[in-house]
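First comes the structure, then the notes that go with it.
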Amino acid sequence: MMKNILYSFLLSVVVLSGCNKALETDSTRVVGEKNMWNTVEDARAGIMGVYALTRAALSDNNGHWIYGDVRTGEFTSPKRQDLKAIISNNLNASYPVVESLSDWTRFYAIVNGANVFLENVAHVKATDKRYSDNNMTVDIAQARFLRAFAYFYMVRIWGDVPFIISSNEGVFENKPRESQTKILAWVESEMLRAAADLPYIYSAGDIQQPSNYYNEDRTRWGGALATKVTAYAVLAHVAAWNADYSNVAKYAKFVEDNYGRSGGGYTSTIDLTNSNGFFYNKNFRQMFGFNSDYGHIDGSSTGHIEELTLAEPIITKAIPDIYLPKDSILKYFNLPKDDRFSVDTLGQSKFDRYFTNLNGKYPIFSKIKVIQGGGNDPNFRYFTSALIFTRLEDIVLLRAEALSVLGDQLGAVNELVQVIGRRVSSTELSFNLDNDDILKMIFEERHRELMGEGQRWYDMIRFNKIRQNDPKFMNLIKTGGIYWPISRKLLSQNSLLTQNPYWR
């Protein structure tokens, strides 16, 4: 799957030439539509290209993990000055990685790729009888979803961003930033519109996608494409960012009621942490993510979390780029008999699942460690782990969060147990609805369960918006310090842009 996506990505770079120039002054025109958009193969290349652009945007410079996991300040970087700057919230520092992560151009490549697809795919329908009405409807829904997802992702990083939903014939005009409130309302509407047309599963007789999608069977697409369940899972995140917890509960409940129709399910601790388990290649439990297939020669030494976290004894690298100090590990993983990580009475770790080398100078975060094709040869730094945005455990915990905020603590605990009960012996679990801080327990479990999956920074923002009892973090929220600064390059190219006030 991902090899085809990469081929499509190379094609999309040509077809969508100029898409990375959105919001820049020196823009170029896209290749004429007459050179594309004539056959069903063109449609497939177009939609796969949008997926490839999305994966590239998230993995470039390890952005997904730096935005979501490194910025929290919980990990430590022993030697990289650029990561130390991010950890200390010095996002104006003059390092290439920091500057690159301040640049939203790669996300507008997704937007423009989707815009071009949506504006031209009807021409394929008109010229190639093999391209069915159903095929076009499903493709359009995916393009709408991916475009909306790109805007949601950008809003979480920068707040207000320019809003562009037309390729404008390849002429990219500079635009000012638009209110994130307006954009998020559009994102929710657009995702609901996409969800109405997305199937639960591809190439498996779904009423909304009954035949083999692009002549490939269900195993080809499972975990690789957006489904109806995917859309509602991301909608739950959008609603949570908006503090619209009634809709969080509703959207997450839809996922809980229907994940089986997409072939999804819960993931065991062993499978979650095995080198050839959940993060290996693609599978139906990857509710929304982007896989790398070793069998299709689709991997790299960069653009995977392993590049940041792994070192000896997992791979032959002396020092990790980031690590979690031992004291922090013991603080966060404080549940007895936790299969992910716990210690015995002598202070030794019982499992080398989430962490390896606990008592060494640098404990290694080894939850995700897909080396080559899921092997364990330490001499290879070639990684093929999937980048996962959401999975079932994430959504169940998100619904627990919503129910707790809405006052239904019993319902929240029932949701929490669905996840934590699969990681910790049930005899070790007890909850007192009158005295326990259920919401805090839910966020602590999100921290443990989703560590290394790019969720933590946004969780911290939501938790502090709810509780409002951390003056330092609340000041960061009120002053816009939770967002990234806008790249100096973009500001120099577009006079209509204004810098986020915190970073002026």
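- Between the side chains of Glu188 and Tyr251, at least one donor N or O sits under 3.5 Å from an acceptor N or O.
- Remark: the backbone N or O of Tyr51 is not paired with any side-chain donor or acceptor of Arg55 at under 3.5 angstrom.
- Side-chain contact annotation: Glu307 with Asn62, donor-acceptor N/O pair under 3.5 Å present.
- Pro363 and Lys326 get closest at one heavy-atom pair: CG-N, 4.0 Å.
- Between Glu449 and Arg391 a salt bridge is recorded (basic side-chain N to carboxylate O distance below 4.0 Å).
- Judged as a side-chain contact (heavy atoms from CB on, under 4.5 Å), and not counting sequence neighbours, the contacts of Arg218 are Ile201, Ser203, Ala204, Phe284.
- Nearest heavy atoms, Ile486 versus Thr498: CD1-O, 3.3 Å.
- Residues in residues 227-245 take part in no salt bridge (Lys or Arg N to Asp or Glu O under 4.0 Å) pair, two or more places apart or across chains.
- The minimum heavy-atom distance between Ala311 and Ile319, with the atom names listed, is CB-C, 3.8 Å.
- Using a 4.5 Å heavy-atom cutoff, the side chains of Arg462 and Leu398 are in contact.
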Item to complete: Let me see the working for Arg106 and Leu101 under side chain to side chain contact (heavy atoms under 4.5 Å, CB included), right down to the final yes or no.
Response: CA-CA 10 Å; Arg106 65 195 188 281; Leu101 293 175; 3.7 Å; yes
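- Asn283 contributes a side-chain N or O that, together with a main-chain N or O of Arg285, makes up a donor-acceptor pair within less than 3.5 Å.
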Set out, in order, the CA-CA distance, both residues' side-chain angles and the distance that settles side chain to side chain contact (heavy atoms under 4.5 Å, CB included) for Met451 and Leu324, then state yes or no. CA-CA 11 Å; Met451 184 174 286; Leu324 201 62; 3.9 Å; yes
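- Among Leu53, Val111, Thr54, the one residue that satisfies the side-chain contact (heavy atoms from CB on, under 4.5 Å) test with Leu146 is Thr54.
- At least one side-chain heavy atom of Ser292 sits less than 4.5 Å from a side-chain heavy atom of His304.
- Annotation: side chain of Gln142 is not in contact with side chain of Val50 (no heavy-atom distance under 4.5 Å).
- Between Ile388 and Phe290 there is no side-chain heavy-atom pair separated by less than 4.5 Å.
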Notebook entry, point to check: Should His447 and Glu74 be marked as a side-chain hydrogen bond (donor to acceptor under 3.5 Å, both in side chains) after you check the CA-CA gap, both sets of side-chain angles, and the distance that decides it?
Noted result: CA-CA 11 Å; His447 190 189; Glu74 293 164 338; 3.2 Å; yes
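- Ring geometry for Phe149 versus Phe145: interplanar angle under 30°, hence parallel rather than tilted (30 to 60°).
- The shortest non-hydrogen separation linking Pro325 to Thr76 is CG-OG1, 3.7 Å.
- Between the side chain of Asp344 and the backbone N or O of Leu346 there is at least one donor-acceptor pair closer than 3.5 Å.
- At a threshold of 4.5 Å between non-hydrogen side-chain atoms, the residues Phe431 and Leu416 count as touching.
- In this structure, Tyr200 has its ring center no closer than 6.0 Å to that of Tyr202.
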TODO: I would like to know whether Asn92 and Arg504 meet side-chain hydrogen bond (donor to acceptor under 3.5 Å, both in side chains); could you show each step before the answer?
DONE: CA-CA 9 Å; Asn92 271 330; Arg504 289 174 186 168; over 6 Å; no
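- For the residue pair Ser102/Ser487, the side-chain donor-acceptor check at 3.5 Å is not satisfied.
- By the neighbour-count criterion of 12 heavy atoms within 6.0 Å, atom NZ of Lys331 is sparsely surrounded, having that number or fewer from other residues, nucleotides or ligands.
- Ion pairing between a basic and an acidic side chain is recognised when a charged N comes within 4.0 Å of a carboxylate O; Asp69 and Arg456 show no such pairing.
- In this structure, Arg353 contributes its side chain and Asp339 its backbone to a donor-acceptor pair below 3.5 Å.
- Checking side-chain atoms of Lys369 against main-chain N and O of Thr273 turns up a donor-acceptor pair under 3.5 Å.
- Among Phe365, Tyr354, Phe355, the single residue meeting the ring pair (Phe, Tyr, Trp, His ring centres under 6.0 Å) criterion with Phe341 is Phe355.
- Looking only at distances, no side-chain donor or acceptor of Ser262 sits under 3.5 Å from a matching main-chain atom of Gly264.
- Judged by the 6.0 Å and 45° rule, Lys465 forms a cation-pi pair with Trp241.
- For the pair Lys440 and Asp436, the salt-bridge criterion is not met [side-chain N within less than 4.0 Å of a carboxylate O].
- The closest donor-acceptor contact from the side chain of Glu306 to the backbone of Val370 lies under 3.5 Å.
- In this structure, Asn357 and Pro313 have side chains that are in contact, with non-hydrogen atoms separated by less than 4.5 Å.
- Using the six-membered ring where Trp is involved, Tyr153 and Phe389 have ring planes that are tilted, between 30° and 60° apart.
- Across Phe473, Phe75, Trp65, Tyr67, a single residue satisfies ring pair (Phe, Tyr, Trp, His ring centres under 6.0 Å) together with Trp457, and that is Phe473.
- Side chains of Asn247 and Lys250: a donor on one and an acceptor on the other come within 3.5 Å.
- Tyr323 and Tyr362 have perpendicular rings, their planes meeting at more than 60° on a 0 to 90° scale where under 30° would count as parallel.
- The shortest non-hydrogen separation linking Ser100 to Asp60 is OG-OD2, 3.8 Å.
- A cation-pi arrangement, defined by a distance under 6.0 Å to the six-membered ring centre and an angle within 45 degrees of its axis, is absent between Arg448 and Tyr332.
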task: Kindly determine whether Tyr483 and Gln180 satisfy side-chain hydrogen bond (donor to acceptor under 3.5 Å, both in side chains), including the steps that lead there.
output: CA-CA 12 Å; Tyr483 303 116; Gln180 61 175 296; 3.0 Å; yes
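- A salt bridge is absent between Arg399 and Asp408; no separation between the charged side-chain nitrogens and carboxylate oxygens falls under 4.0 Å.
- With contacts defined as side-chain heavy-atom distances shorter than 4.5 Å, the pair Leu198/Thr230 does not qualify.
- A donor-acceptor pair under 3.5 Å links the side-chain atoms of Gln409 to the main chain of Ser404, judged by distance alone.
- In terms of modelled atom types and a separation under 3.5 Å, the side chain of Glu393 and the main chain of Thr267 share a donor-acceptor contact.
- No side-chain donor-acceptor contact under 3.5 Å links Ser77 to the backbone of Leu83.
- Residues Ser275 and Tyr280 share a closest heavy-atom pair of O-CB, 3.8 Å.
- Salt-bridge annotation for Arg446 and Asp394: present, with a side-chain N of the basic residue lying under 4.0 Å from a carboxylate O of the acidic one.
- Tested against Asp82 for a side-chain contact (heavy atoms from CB on, under 4.5 Å), the candidates Val97, Asn61, Asn90 yield a single pass: Val97.
- Taking 4.0 Å as the cut-off between side-chain N and carboxylate O, Asp470 and Lys472 do not count as a salt-bridged pair.
- Note on residues 145-157: pairs passing salt bridge (Lys or Arg N to Asp or Glu O under 4.0 Å), not counting sequence neighbours, are Arg147-Glu190.
- Ion pair Lys317/Glu312 not flagged as a salt bridge, since none of the NZ, NE, NH1 or NH2 atoms sits closer than 4.0 Å to an Asp/Glu carboxylate oxygen.
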